[in-house]
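Below are the structure tokens for one structure; questions will follow.
Position 1 is the first residue of the sequence, and the numbers go up from there. Counting starts at 1 for both ligands and their atoms, following the listed order. Just so you know, these numbers use all the heavy atoms, side chains as well, and skip hydrogens, waters and symmetry mates.
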Amino acid sequence: MPNSFKLNLVQRPRRLRRTPEIRALVEDTVLLPQNLIAPLFVVEGKGRPEPIASMPGVFRLTIADLVRECRALRKLGVLAVALFPKLGARLKDEEGTAALREDALILRAVRAVKEAVPGMVVMTDIALDPYTTHGHDGVLTADGRDVDNDRTVGILAQMAVLHAAAGVDFVAPSDMMDGRVGAIRRALDAAGRESTSIMAYTAKYASAYYGPFRDAVGSAKAPGTPGLDKRTYQLNPSNRRESLLELRLDEAEGADVVMVKPAGIYLDVIRQLRQATRKPIAAYQVSGEYSQIHAAARLGWLDLAACRRESLVAIKRAGADMILTYFAREMAAELGR
Ligand code: PBG
């Protein structure tokens, strides 16, 4: 039976979806290479890039390769990198003392990037997890059962001053200790580093999606032991209101940029902070978000390029101004084509 059904519609939203050109014209979220920040892992030595099994396409780079990567990113329009060191086990101890060494790998990496690619915005993580044998973001209390807040903050403030002196544009405290943003701001100012910015990990949740990153920097516990538990300092994934409390504190303490992490499964938190602050918002599409797209693509279950783009557009649409993502290079390359 021929179907001659006809609706008498004034509103037909499909009119604006008819052609790619019309769709582009009415698009309200536009992802740009300049919105992306590339997290990069750096190691000592002169070896070849080391693949990270749980993060396909991501490598630990020596300083020479890191500089090459930064040049390539810059050509693609990615203007910022966030650097994470991976230390050999011999350099780690209970107190993370290697974090305050004047010859630390991360400081040499920052100087090398700044010298070779002066315009590149360089950010470094302020936390002790790459430096401690236990993998926590700070030093432990006397009974060894928790991270000591204030003693950790004292160390992080010194660490931030060292990073600032090496030339970073942003220090990014990812440790989630109370009062660290204010202490870092005061220490930077006292050291004459009032131009160094703070990107605060404001709403950083205690997420299982950090697993692959912990492989990358070697902060995961030994195989067979339960995973690292950071629930006494990172936010409870069940809590949304608490992100507003952290926002208020970080703003009052002097954060220049506030962050939500993870990103794609916390879009409600990004949205909420967007409505509550005038500061720029960063969102961190974390290792597990990256790896799960890759894993599904390997199985032939998801289209890698399409999911890469959609996952990032969604994060921007929720309200993020900038996105830390392991897809930065490939995404920027695709956007430039
Ligand atoms: C630790 C830190 C973590 C990440 C960034 N900084 C992991 C953690 O808190 O254990 C995670 C990033 C990712 O998963 O991509 N200071």
Side-chain angles (χ1 to χ4, degrees), residues 36-42 52-60 81-87 92 96 98-99 106 123-139 147 149 152-153 155-156 159-160 163 168 170-177 180-181 184 198-221 225-237 246 257 259-266 282-295 308 311-312 315 320 322-329:
L36 308 175
I37 300 168
L40 299 173
F41 298 108
V42 53
I52 300 156
S54 53
M55 300 179 74
V58 178
F59 298 84
R60 300 186 198 95
V81 292
L83 306 183
F84 296 92
K86 158 102 174 15
L87 269 69
K92 301 189 187 194
I106 190 69
M123 307 177 170
T124 50
D125 213 51
I126 303 296
L128 295 182
D129 53 303
Y131 304 99
T132 53
T133 38
H134 42 74
H136 277 293
D137 290 29
V139 292
V147 174
N149 192 89
T152 298
V153 171
I155 297 168
L156 297 182
M159 190 176 168
H163 289 208
V168 298
F170 285 80
V171 289
S174 69
D175 57 293
M176 294 309 284
M177 295 303 116
R180 92 282 208 209
V181 171
I184 289 172
I198 299 178
M199 172 183 278
Y201 283 67
T202 296
K204 177 176 178 179
Y205 285 86
S207 175
Y209 287 76
Y210 306 152
F213 173 96
R214 292 177 187 169
D215 296 339
V217 302
S219 68
K221 278 226 173 134
T225 60
L228 254 187
D229 187 347
K230 301 192 176 184
R231 283 179 294 184
T232 68
Y233 44 106
Q234 300 176 347
L235 274 68
N236 180 345
E246 291 286 359
V257 175
M259 190 199 294
V260 176
K261 175 185 176 186
I265 48 173
Y266 290 81
Y284 199 144
Q285 183 183 51
V286 301
S287 56
E289 297 179 75
Y290 172 88
S291 299
Q292 65 182 359
I293 292 175
H294 266 282
R308 175 169 75 209
S311 64
L312 292 168
I315 293 164
M322 57 195 105
I323 307 172
L324 292 101
T325 173
Y326 302 97
F327 288 127
R329 181 171 171 171

Q) Which ligand 1 atoms does Ala127 reach within 4.0 Å, using its non-hydrogen atoms? A) 16 (N)
Q: Test ring pair (Phe, Tyr, Trp, His ring centres under 6.0 Å) on Tyr205 and Tyr266 and set out the steps.
A: CA-CA 9 Å; Tyr205 285 86; Tyr266 290 81; 4.5 Å; yes
Q) Judged by atom type as modelled, is there a donor-acceptor pair below 3.5 Å linking the side chain of Ser219 to the main-chain atoms of Val217? A) no
Q. Any idea which part of Asp125 is under 4.0 Å from ligand 1, heavy-atom wise: side chain, backbone, both or neither?
A.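 Within the 4.0 Å criterion, Asp125 contacts ligand 1 through side-chain atoms alone.
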Q.
Checking contacts here: is it the side chain or the backbone of Val286 that comes within 4.0 Å of ligand 1, counting heavy atoms only? Could be both or neither.
A.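 Val286 to ligand 1: contacts from backbone and side chain alike.
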Q. Any N or O of Ser219 that comes nearer than 3.5 Å to an N or O of ligand 1?
A. no
Q | Atoms in ligand 1 with a heavy atom of Tyr284 nearer than 4.0 Å | A | 12 (C), 15 (O)
Q. With respect to atom 3 (C) of ligand 1, which of Tyr326, Phe213, Tyr205 exhibits the smallest heavy-atom separation?
A.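 That would be Phe213.
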Q: Could you list the atoms of ligand 1 found under 4.0 angstrom from a heavy atom of Lys204?
A: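 Within the 4.0 Å cut-off of Lys204, ligand 1 contributes 1 (C), 2 (C), 3 (C), 6 (N), 8 (C), 9 (O), 16 (N).
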Q: Looking only at protein heavy atoms, identify the closest one to atom 14 (O) of ligand 1 and say how far it is in Å.
A: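 For atom 14 (O) of ligand 1, the nearest protein heavy atom comes out as Ser287 OG, 2.7 Å.
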Q. Does the Ser287 side chain pair with the main chain of Phe213, one donor and one acceptor, at a distance under 3.5 Å?
A.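 Yes; judged by distance alone, with no hydrogens or angles, the pair exists.
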**Q.** Pair Ser311, Gln285: side-chain N/O donor-acceptor within cut-off below 3.5 Å
**A.**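 Yes, side-chain donor-acceptor contact under 3.5 Å.
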Q: Enter the distance from Arg231:CZ to Asn236:CG here, rounded to the nearest 0.5 Å.
A: 8.5 Å
**Q.** atom 8 (C) of ligand 1: the protein heavy-atom neighbour that sits closest, reported with distance to 0.1 Å
**A.**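 Closest protein heavy atom to atom 8 (C) of ligand 1: Lys230 NZ, 3.3 Å.
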Q | Close approach, Gln285 and ligand 1, non-hydrogen under 4.0 angstrom | A |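 Gln285: no contact with ligand 1 (<4.0 Å).
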Q: For the residue pair Phe41 and Tyr326, categorise the inter-ring angle as parallel (less than 30°), tilted (30 to 60°) or perpendicular (more than 60°).
A: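 The rings of Phe41 and Tyr326 lie parallel, inter-plane angle below 30°.
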Q.
Using a 3.5 Å distance criterion without hydrogens, assess whether the side chain of Glu289 forms a donor-acceptor pair with backbone atoms of Ala263.
A.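 Checked: pair present.
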Q | Heavy-atom closest pair, residues Asp175 and Arg180 | A | OD1-NE, 3.1 Å
Q. Atoms of ligand 1 less than 4.0 Å from Asp137 heavy atoms?
A. 1 (C), 16 (N)
Q. Taking C-beta and beyond as the side chain, do Met176 and Glu246 meet within less than 4.5 Å on heavy atoms?
A.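 Yes, side chains in contact.
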Q. Looking at atom 1 (C) of ligand 1, what's its closest protein heavy atom, distance included?
A.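 Checked against all protein heavy atoms, atom 1 (C) of ligand 1 sits closest to Asp129 OD2, 3.0 Å.
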Q: Report the member of Ala172, Ser174, Pro173, Ala206 with the shortest heavy-atom distance to atom 16 (N) of ligand 1.
A: Ser174
(Q) Can you tell me if Lys261 contacts ligand 1 (heavy atom of the residue under 4.0 Å from the ligand)? (A)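 Yes.
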